[in-house]
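Take a look at the structure set out below.
Just so we're on the same page: letters track the sequence lines, and every chain starts at 1.
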Number of protein chains: 2
Amino acid sequence: MKLSSRSRYGFRAILELAVEYGNGPLQIKTIAKREDISNKYLEQLIAMLKASGLVRSIRGPKGGYELTRPPSDVKLSEVFITLEGPVVAVECLEHPEYCPRCTECVTRDVWAKMQSAIMGVLESMTLQNLVDKTKQGQAENYQI
Amino acid sequence: MKLSSRSRYGFRAILELAVEYGNGPLQIKTIAKREDISNKYLEQLIAMLKASGLVRSIRGPKGGYELTRPPSDVKLSEVFITLEGPVVAVECLEHPEYCPRCTECVTRDVWAKMQSAIMGVLESMTLQNLVDKTKQGQAENYQI
DNA sequence: AAGGTAAGCTACCAAAATGATAGGAATTTA
DNA sequence: TAAATTCCTATCATTTTGGTAGCTTACCTT
């Protein structure tokens with residue numbers, strides 16, 4: 001079970017937007033350059049973030065993207081689900097009618113536990129937490 | 001992030017072996033029929049379990065497969081990793097040298113937390129736990 | 001009004017992973 | 001020796017992933 005680069009890139013991109021929140025829109029090419037991601041690929045990832053409403057766009061010159069809500073208001077679970085889809089999707093978790101077998105239902109409990117463990121982590125953190133850590137890390141670098 | 005049918009089928013298969021532990025080998029076709037999985041596909045999944053040492057085979061007539069260790073001795077994490085590969089594999093978790101960017105390192109913490117949350121669940125349960133639940137469920141059905 | 005700048009949309013594509021299917025070889029029991 | 005069973009390898013269709021390309025639309029500046 002590995003993380004797709006969609007999530008890895010997407011998280012880095014939205015974190016750039018979070019760090020820059022309040023300073024006006026950030027352009028794709030800026031993010032792409034900072035994070036070393038293909039311009040056009042990033043465009044598609046950000047389109048996902050926009051479609052889910054996490055991000056808003058401004059077209060034309062001086063345009064770009066910005067968060068629609070303050071970073072402290074965006075849980076990582078929202079970002080994750082936008083990019084990666086439902087966490088540990090097992091059909092029988094949502095549609096138990098697909099689960100006639102007894103043994104299967106036992107494994108189902110395992111997947112349910114896994115799911116809530118993951119969601120626990122992602123629900124407990126916001127973009128602001130990541131911004132803080134980022135700035136803290138940079139400050140430490142200054143001291144050295 | 002969805003679970004592959006490899007894991008779903010594989011877990012159900014090894015759980016059959018766990019339930020039957022001590023009663024002699026169980027054949028592929030038996031498991032396949034019970035769990036309604038393609039014979040040939042299941043063969044490959046069990047091959048993975050065998051390759052990892054969780055399961056042993058007996059060839060020829062009256063042959064089949066059995067757990068190499070008692071179910072109480074098999075953590076679900078072992079089964080999962082065998083079938084699904086390393087949990088939440090992000091290269092930079094094992095090889096931090098791939099992680100030059102500062103923002104990336106912050107997201108890295110998120111993946112690390114996710115990983116240990118998942119492992120926490122899978123390390124805390126054994127096949128025996130699932131066997132117990134299965135039998136418990138069956139007993140309840142008898143009462144009705 | 002015009003030109004340039006950026007987002008938006010859609011199609012396309014290559015490579016890898018997934019979920020199988022198939023057939024024959026090797027081994028063991030009876 | 002014959003039958004049963006695992007073992008091994010190849011093949012294959014479909015989906016996902018990761019990415020490229022090109023044209024369209026909106027908007028700001030001059």
Sugar-phosphate, base or nothing in reach of A:Ile28, heavy atoms under 4.0 Å: sugar-phosphate
Sugar-phosphate only, base, or nothing, as touched by A:Ile46 at under 4.0 Å among non-hydrogen atoms: nothing
Between [X] ([atom1]) and [N] ([atom2]), how many Å, whole number?
{"X": "A:Leu45", "N": "C:dA7", "atom1": "CG", "atom2": "C1'", "answer": "15 Å"}
{"X": "A:Leu3", "N": "D:dT16", "atom1": "CG", "atom2": "C1'", "answer": "15 Å"}
{"X": "B:Arg6", "N": "C:dG19", "atom1": "CZ", "atom2": "C1'", "answer": "9 Å"}
{"X": "A:Ile58", "N": "D:dC27", "atom1": "CD1", "atom2": "P", "answer": "11 Å"}
{"X": "A:Ile37", "N": "D:dT20", "atom1": "CD1", "atom2": "P", "answer": "12 Å"}
{"X": "A:Lys2", "N": "C:dA16", "atom1": "NZ", "atom2": "C1'", "answer": "8 Å"}
{"X": "A:Gln27", "N": "C:dG8", "atom1": "CD", "atom2": "P", "answer": "12 Å"}
{"X": "B:Met1", "N": "D:dT17", "atom1": "CE", "atom2": "C1'", "answer": "16 Å"}

Atom pairs and distances, donor-acceptor, side-chain atoms in residues 45-53 of chain B, under 3.5 Å, two or more places apart:
from    : atom 1 : to      : atom 2 : distance (Å)
B:Lys50 : NZ     : B:Ser57 : OG     : 3.2
B:Ser52 : OG     : B:Leu49 : O      : 3.0
B:Ser52 : OG     : B:Thr82 : OG1    : 3.4

Whichever of B:Gly64 and A:Glu84 has its nearest DNA chain D nucleotide further upstream toward 5': B:Gly64
Along DNA chain D (nearest heavy atom to each residue), the more 5'-positioned of A:Gly60 and A:Asn39: A:Asn39
Below 4.0 angstrom from OP1 or OP2 of [N], is there any side-chain N or O of [X]?
{"X": "A:Tyr41", "N": "D:dA21", "answer": "no"}
{"X": "B:Lys62", "N": "C:dT28", "answer": "no"}
{"X": "B:Ser5", "N": "C:dG19", "answer": "yes"}
{"X": "B:Ser57", "N": "D:dC7", "answer": "yes"}
{"X": "B:Tyr9", "N": "C:dA20", "answer": "yes"}

Looking at every non-hydrogen atom in both residues, tell me the closest pair between [X] and [Y] and how far apart they are.
{"X": "A:Glu16", "Y": "A:Ile31", "value": "CG-CG2, 4.2 Å"}
{"X": "B:Ala112", "Y": "B:Leu93", "value": "CB-CD2, 3.8 Å"}
{"X": "B:Ala18", "Y": "B:Val131", "value": "CB-CG2, 3.6 Å"}
{"X": "B:Leu83", "Y": "B:Arg6", "value": "O-NE, 2.9 Å"}

Please tabulate, one pair per line, all N/O donor-acceptor pairs under 3.5 Å involving side-chain atoms of residues 21-28 of chain B, not counting sequence neighbours.
from    : atom 1 : to      : atom 2 : distance (Å)
B:Gln27 : NE2    : B:Gly63 : O      : 3.3

Heavy-atom donor-acceptor pair, B:Arg59 side-chain to D:dT6 base, under 3.5 Å: yes
With A:Glu35, the salt bridge (Lys or Arg N to Asp or Glu O under 4.0 Å) member among A:Arg8, A:Lys29, A:Arg12: A:Arg12
Member of A:Gln128, A:Gln136, A:Lys135 meeting the side chain to side chain donor-acceptor pair (under 3.5 Å) criterion with A:Asp132: A:Gln128
Side chain of B:Ser38 - closest among C:dT21, D:dT6, C:dG4: C:dT21
Under 4.0 Å protein heavy-atom contacts per nucleotide of nucleotides 8-14 of chain D, with B for base, S for backbone only and - for none: B------
